[in-house]
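So the structure is just underneath, and the comments pick up after that.
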Amino acid sequence: EIYTLSLHDALPIFQGWNNVTLDGKGGNDTYNLPAANVQGIHTVTVSDSGSGDMNSVNVNDASNDEIAGTTTYSASYDGTGHIVRTGNLVSGRGGRPKPVFDELNLSYSNVKTVTVNGNNAGNQFNATGIGPGTEVVYNAGTGGDNVTAGNTTTLDMIAGTLTVHGQGNTNLTLDDHLEDDQAIITFGPLPAPVYAINASTVTRVDTVNGAALDPNTFNYTNLANLTIIGGQSDNVFNVDGTMPGAFLALPNFPLVIKGGASADTFTVQNWKGTVNLDGEGGNDVYNLNYSLNPGQISITDSGTGDANTVNINDQLDVDLAGSVSYSSSKGLFYRNGQARVVSRTSGVTTTPDVESVSYSNIATVNVQPYNNGNNFQVDGISKGTSIVYYAGTGGDAVTAGGAANSLDSLQGPLTVNGQGNTTLTIGDNYEPPNISRGSSPVYTITDTSVTRVDTVNGTQLAPNTF
């Protein structure tokens, strides 16, 4: 059966749907709930008593020109699914139009798909719960909608699937900051919620008391931004934007991920849009795997007293063509090379491969290049950060300082682990202007290290260590 409820201004006796109950019983039933155009609270219960059916509910606001301003939708679950819409309608046409309150309370059970078509006024959609076996689909309007899952609950409550079809200006936030599995663990290892993030889906799997819960699934298309806020356990975020069947078509919208109070692990590759990461508390690890033509990655860890690590992993990628130029300045790592591209029409060609990584509050940056014979120019290292370079087998050349860069900018240690054919040049031939040296720099050289101590304008600087 197909059920469609509709109200009209010409029927003033109806001030809203009040306690309407629908039951399609057997078969794959469809329940259409067009947007109301009279004021009041509209209550609809869909209680389908069929079994094994593929029932659907559609809430249609997309073409309603009587909605005034932003509408708020909420999806929740307490054993029964709920959709609540609150907003205002325009009343008093032709005279003095004014907004009047409008609310839809929909309860449903035994429904496979609930589709909400938003209007174009710029709406808020909040999902705090979806029942098992149900998919809630939100088709955003053109006004720039914001969609949030979790926030006032944990993402464990999204036991079904949330799908968001954006308009290019739609923001999606998955907020799990209230999750704290460590507080409810009675046995087994501490949980580590695992988020798998790709071009169109986030899948989250949580483990409590040694048992993996059913995955939480979030699908999306045509977003402006995707933000993920982790809980207080040890989160694992795996980002791979590879799109099957769409070579080089990587996601081009910004991605923001925040960890929590514990140690988080981030692994990122193949994302063309900007990526902003913040592990917050705990000793966090950021693994940045080789990506073909990625966007800028920014790591701003807001924790205090942590020993955070960044790993630049190019070692296993065979797509790099020829040598790669790496460079480091204070809080910035840069890669410039060429990557092989294979096509049926052109054969093997190359394309520029550039990556920039900015970071703060990082204790160690590990760089693992491929084996093509690379160059690594170190112009600066932030105070409190050490850089460790693991040379490839192709004969890498590492240069610290040089004719245009003072070694005084290297405020953290540089370690080079060579392959027997690796060269290290420490260039101190740049003299900054307007300085007065109390003495010449002093170098202490051993078979495994160089320590340089400089004095500038009467102040002895912290040693440079290689």
Side-chain angles (χ1 to χ4, degrees), residues 269 285-292 294 297 309-340 350 352-359 362-430 441-454 462-466:
Q269 62 188 34
V285 177
Y286 303 87
N287 299 310
L288 309 181
N289 294 340
Y290 170 80
S291 298
L292 189 62
I297 297 177
T309 302
V310 172
N311 299 310
I312 310 290
N313 301 317
D314 287 355
Q315 208 160 42
L316 298 179
D317 200 283
V318 298
D319 290 329
L320 287 168
S323 62
V324 177
S325 295
Y326 300 92
S327 62
S328 169
S329 58
K330 290 183 180 180
L332 181 65
F333 180 85
Y334 191 76
R335 177 185 65 210
N336 191 347
Q338 296 285 323
R340 294 184 182 91
T350 59
D353 178 70
V354 178
E355 180 176 39
S356 64
V357 180
S358 61
Y359 58 88
I362 298 297
T364 305
V365 177
N366 297 308
V367 183
Q368 296 183 313
Y370 192 54
N371 297 320
N372 288 338
N374 309 296
N375 300 300
F376 184 30
Q377 175 67 47
V378 184
D379 298 330
I381 301 175
S382 298
K383 184 178 181 180
T385 299
S386 64
I387 293 181
V388 182
Y389 184 77
Y390 297 87
T393 60
D396 292 3
V398 181
T399 301
N405 300 284
S406 171
L407 291 180
D408 293 337
S409 295
L410 277 66
Q411 298 179 354
L414 170 65
T415 299
V416 178
N417 295 312
Q419 294 280 356
N421 58 354
T422 307
T423 63
L424 171 60
T425 301
I426 301 174
D428 201 13
N429 47 328
Y430 173 76
V442 176
Y443 298 84
T444 302
I445 304 167
T446 73
D447 58 344
T448 59
S449 68
V450 172
T451 302
R452 171 186 177 270
V453 177
D454 196 7
N464 307 113
T465 304
F466 307 90

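Just the heavy atoms: all of them, side chains too, but no hydrogens, waters or symmetry mates, feed the values below.
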Would you please name every residue forming a side chain to side chain donor-acceptor pair (under 3.5 Å) with Asp379, sequence neighbours left out? Gln377, Asn405
Between Phe376 and Ile387, is a side chain to side chain contact (heavy atoms under 4.5 Å, CB included) present by the stated rule, with each step listed? CA-CA 11 Å; Phe376 184 30; Ile387 293 181; 4.1 Å; yes
Nearest 0.5 angstrom please: Asn311 CG to Asn366 CG, how far? 5.0 Å
If you apply the rule side chain to side chain contact (heavy atoms under 4.5 Å, CB included), what do you find for Tyr359 with Thr385, and how did you get there? CA-CA 10 Å; Tyr359 58 88; Thr385 299; 4.0 Å; yes
Donor-acceptor under 3.5 Å (Asn375 side chain, Ser325 main chain): no
Reported CG-to-CG distance for the pair Asp454 and Asn464, which is rounded to 0.5 angstrom: 7.5 Å
Between Phe466 and Leu407, is any pair of side-chain heavy atoms under 4.5 Å apart? yes
Please name the pair of heavy atoms, one in Tyr389 and one in Pro369, separated by the smallest distance, quoted to 0.1 Å. OH-CG, 3.3 Å
Using a 3.5 Å distance criterion without hydrogens, assess whether the side chain of Asp396 forms a donor-acceptor pair with backbone atoms of Asn374. yes
Could you check Tyr326 against Asp314 for side chain to side chain contact (heavy atoms under 4.5 Å, CB included), going step by step and ending with a plain yes or no? CA-CA 11 Å; Tyr326 300 92; Asp314 287 355; 2.7 Å; yes
CG (Asn289) and CD (Gln368) are apart, to the nearest 0.5 Å, by 10.0 Å
Test side chain to side chain contact (heavy atoms under 4.5 Å, CB included) applied to Leu288 and Phe333, step by step: CA-CA 11 Å; Leu288 309 181; Phe333 180 85; over 6 Å; no
Given Tyr286, which of Ile362, Thr309, Val365 fulfils the side chain to side chain contact (heavy atoms under 4.5 Å, CB included) condition? Ile362
Validation: residues 410-424 side-chain donor-acceptor distances under 3.5 Å, sequence neighbours left out:
unit_1: Gln419; atom_1: NE2; unit_2: Ala391; atom_2: O; d: 3.1
unit_1: Asn421; atom_1: ND2; unit_2: Thr393; atom_2: O; d: 3.0
unit_1: Thr422; atom_1: OG1; unit_2: Gln419; atom_2: N; d: 3.0

About how many Å separate OG of Ser382 and CG of Leu332, when rounded to the nearest 0.5 Å? 9.5 Å
